[in-house]
Amino acid sequence: MHHFIEFAQNAMFAPPLRHPVHRAVAQTSRFGKKMRGQAGHPGGSGDTIENIVAMEINFELVRDAVGVKNACEELAREPVLGLDTETTELDPYKGEMRLVQLSSGRKTFVFDMLPFRTNGGLRENSELSPLRGLLESEISTKVLHNAKFDAKWIRHELGAEIANAFDTYLASQLIAAGESERRHSLADVAQFFTGTVLDKTEQLSDWRAAELSASQVEYAARDAAILLPIREQLVDRLKNDDLSKVAALEFECVMPIAEMELNGFGVDCDAWRAQLDTVRGAQAKAADELQDLLSAGVAQASLFGRAEINLDSQQQVTDALKNLGVPMPETTRAWQLQPLAEKYPVVAKLLEYRGVQKSATSFGENFLEFVEPKTGRVHADFRQIGAPTGRFSCSNPNLQQIPHDDAYRKCFRAGQGRTLVIADYSQIELRILAEFSADEKFIEAFRSGADFHLTTAAQVFNVKPEEVTPDQRSFAKRLNFGIVYGVGASRFGLMTGLSQTDAENTMRRYFSTYRKLDAYLRDSGGRVTSERKARTASGRLLRLNFDENDRQAVGAARRYGVNMPIQGTSADILKRALRLLHDAIRGTSTRLVNIVHDEIIVECDAGEVENARITLEKAMTDAAVEFIKNVPVKVDSRVSEAWSKG
DNA sequence: GTGAAGGGCCAC
DNA sequence: AAACGTGGCCCTTCAC
């Protein structure tokens, strides 16, 4: 059977075309105006066709110990090396690494792993020590495209950690600065930045063959060699756009994430199934009861007994509810239906059904298919720049959307004799906002160390902290969260139950309490609309494109652009923390197992838990302090067998 | 059958 | 004044 690895790999590199948000943007940007990809090739010489023909690759296939030694001695003199691998599968737990290609640009060595494979794999083979040494050497920069992929294979199979990675994939994403139409596969990046068109015919070849064809080897060599001229262009572009610092931050985060994906997160499948059974029972019951209630609103109900409708069809459910005389809102979303639930039991039942249906499907049997048999753990796929803000995204499965409910969280466990340490930043985005705005009163609410929402409520409503009513605290809390997203009075009123005028007055009161916060948000919004860009503390850039005549689009771009530095700085901090943690736990039993935006979960030997906890807290605090100088940073941590609270 | 698009909802 | 930011997954609907 042939394995179309390169093809699949490229598909993986490409920003997901079918991603809902990006898809929406591809037609009309999220701010309403048609977007265009950038024309021309920055730095490209323009002679695209000539480049293909002219690209002579000087390469050598290495298949024995002497060859490895000689090649590595020659390559060790180079300051920058292109690095690529060819593998038989995408997943290191499922396939094998066939080739490792290292290129100085002038000369490329293609290391065939097949002759070096022993019963213990490649790890034990000392003939590969020079290669490991080269990959781990701090002296040379290694240029890779989607370094996480190769780093995982090299870590898993060779036991080596790549030092000094330069990732052309991440660099291309940073330079694109949120331009969603730009693609980032190796072929796209090569074309865009050097004008070279890559020949893809060998993508579909069989990398398991005992003897690789000359064409296969040349193809492999070229993919490593091409990385050097691409990097040259990227380095210039990164400098020009002041992105060098954030690029270093991203590159240093690759190895921690590669290791985290290899580590995986332990899942108690029995506990998961038990919870699923419970939910399925509740789902069946809720479905049955909902059918009964709805059937009264279905025409043929009386003739044939109960008329079954598809409870997952918004259309059918809406029609049935209308027939029952329920005054339907514009959408059937939970927050819109909630007010009707008290008066109409059928609406309450629908909401109940929705809840259990979500649990039974999104967190059902399918989740268990992601458990790797070899490890008994889930090895999710983390996209390092998953959002233009710099946040991670996660899929297959998405470990960032596991319900809070202990019934789910308790299924994520440490291995035998091991313990989890779970740490998260307290109110990190609000602290970032406090730092950016330099609002003394807002900062003071953090410095006091007391309940933040209560303290802000006392400030806003001008009462003593002990006199703050639960309502006042709740208003302050919702506003504290809302302002980060640019909430308006109407939405604030909707979620608090305040009238439009009361909501407006409360917001006015809030912003007059925090004058500099108000000024910062206005200023930030103004800059977003005039300069059409935004940056985080690390310098991460977002370019915004919108039609200035479309008020809705301007408003959306403004909220997005104001939110991005806050959300993105939080991502910067997390990424920095991951690197500091990675360096601090080297040689210990501590392993990174999951991250969720402001939370880091590690697993360690039970006896080492106190050290691990201190190390984790220190890494997170040190990282945050690099970006937040004037507001105290707080990290909460706990030690547990499982992810649950208890 | 396959896939795009939209609704809905889980997380931070 | 005028829609609260970022993701992924599951479902239905509809077009091909």
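In what follows, chains carry the letters A, B, and so on, assigned in the order in which the sequence lines appear, proteins first and then strands, with residues in each chain numbered from 1. The analysis underlying the following values was restricted to heavy atoms, covering all of them including side chains, and did not include hydrogens, waters or symmetry mates.
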* **Whole-Å gap separating P (dG6(B)) and CD (Q316(A))** => 20 Å
* **Contact list for DNA chain C against residues 489-502 of chain A - heavy-atom distance below 4.0 Å** => R491(A), M495(A)
* Is the F452(A) ring parallel, tilted or perpendicular to the F446(A) ring (thresholds 30°, 60°)? -> parallel
* **R527(A) with D523(A): basic N within carboxylate O range, under 4.0 Å** => yes
* Please answer whether the main-chain N or O of D502(A) pairs with a side-chain N or O of S499(A) as donor and acceptor at a distance below 3.5 Å. => yes
* Can you find a side chain N or O atom of S313(A) that sits less than 4.0 Å from OP1 or OP2 on dT13(C)? -> yes
* Answer whether the closest heavy-atom distance between the side chains of R522(A) and F511(A) falls below 4.5 Å. => no
* Asked: Using a cut-off of 4.0 Å on non-hydrogen atoms, how would the nucleic acid contact of R391(A) be classed: base, sugar-phosphate, or nothing?
  -> base
* To do: May I have the distance from D381(A) (atom CG) to dC9(C) (atom C1'), rounded to whole angstrom?
  => 15 Å
* Asked: Atom CG of N563(A) and atom P of dA3(C): how far apart are they, to the nearest Å?
  -> 16 Å
* To do: Send over the distance from N396(A) CG to dC10(C) C1', rounded to a whole Å.
  => 14 Å
* Hey, are the side chains of S644(A) and Y408(A) touching, using non-hydrogen atoms and a 4.5 Å cut-off? -> no
* Asked: Once you round it to whole Å, what is the distance between P of dG5(C) and CD of E429(A)?
  -> 13 Å
* To do: Would you kindly compare R551(A) and Q567(A) by the position of their nearest DNA chain C nucleotide and give the one closer to the 5′ end?
  => R551(A)
Between N or O atoms, less than 3.5 Å apart, protein on one side and nucleotides 7-10 of chain B on the other: list the pairs.
{"from": "dG8(B)", "atom 1": "OP1", "to": "T332(A)", "atom 2": "N", "distance (Å)": "2.8"}
{"from": "dG8(B)", "atom 1": "OP1", "to": "T332(A)", "atom 2": "OG1", "distance (Å)": "2.5"}
{"from": "dG8(B)", "atom 1": "O3'", "to": "R354(A)", "atom 2": "NH1", "distance (Å)": "3.3"}
{"from": "dC9(B)", "atom 1": "OP1", "to": "R354(A)", "atom 2": "NH1", "distance (Å)": "2.8"}
{"from": "dC9(B)", "atom 1": "OP2", "to": "A334(A)", "atom 2": "N", "distance (Å)": "2.9"}
{"from": "dC9(B)", "atom 1": "O2", "to": "K358(A)", "atom 2": "NZ", "distance (Å)": "3.1"}
{"from": "dC10(B)", "atom 1": "O2", "to": "Q401(A)", "atom 2": "NE2", "distance (Å)": "2.6"}

* What nucleotide among dT12(C), dC12(B), dC9(C) has an atom nearest to a side-chain atom of S395(A)? -> dC9(C)
* To do: Apply side-chain contact (heavy atoms from CB on, under 4.5 Å) to R383(A) and Q173(A), showing your working.
  => CA-CA 11 Å; R383(A) 286 187 62 200; Q173(A) 279 189 295; 3.7 Å; yes
* To do: Quick one: sort the F412(A) and F367(A) rings into parallel, tilted or perpendicular, breaks at 30° and 60°.
  => perpendicular
* To do: Pick base, sugar-phosphate or nothing for R478(A), based on heavy-atom distances below 4.0 Å to the nucleic acid.
  => nothing
* Whole angstrom value for the distance that separates P of dC4(C) from CZ of R558(A) -> 14 Å
* Consider the side chain of Y560(A), meaning its heavy atoms from C-beta on, and name the nucleotide among dC14(C), dC11(C), dT6(C) that approaches it most closely. => dT6(C)
* Should the pair K516(A)-D518(A) be classified as a salt bridge under the 4.0 Å nitrogen-to-oxygen rule? -> no
* Could you work out which one of dA11(B), dC11(C), dC4(C) sits closest to the side chain of R409(A)? => dA11(B)
* Looking only at side-chain N and O atoms, does N366(A) come under 4.0 Å of OP1 or OP2 in dC9(C)? -> no
* Asked: Salt bridge or not for D381(A) and K148(A), using N-O below 4.0 Å?
  -> yes
* Asked: Is there a donor-acceptor pair under 3.5 Å between the side chain of Q384(A) and the backbone N or O of E250(A)?
  -> yes
* Which residues in residues 280-289 of chain A have at least one heavy atom lying under 4.0 Å from any atom of DNA chain C? -> none
* To do: Could you tell me the separation between the CD1 atom of I309(A) and the C1' atom of dC11(C), rounded to a whole number of Å?
  => 14 Å
* Y425(A) OH to dC12(B) P, straight-line distance once rounded to whole Å -> 16 Å
* Would the H379(A) and Y93(A) ring centres measure less than 6.0 Å apart? -> yes
* Asked: Between K349(A) and E352(A), does at least one N-O distance fall below 4.0 Å, as a salt bridge requires?
  -> yes
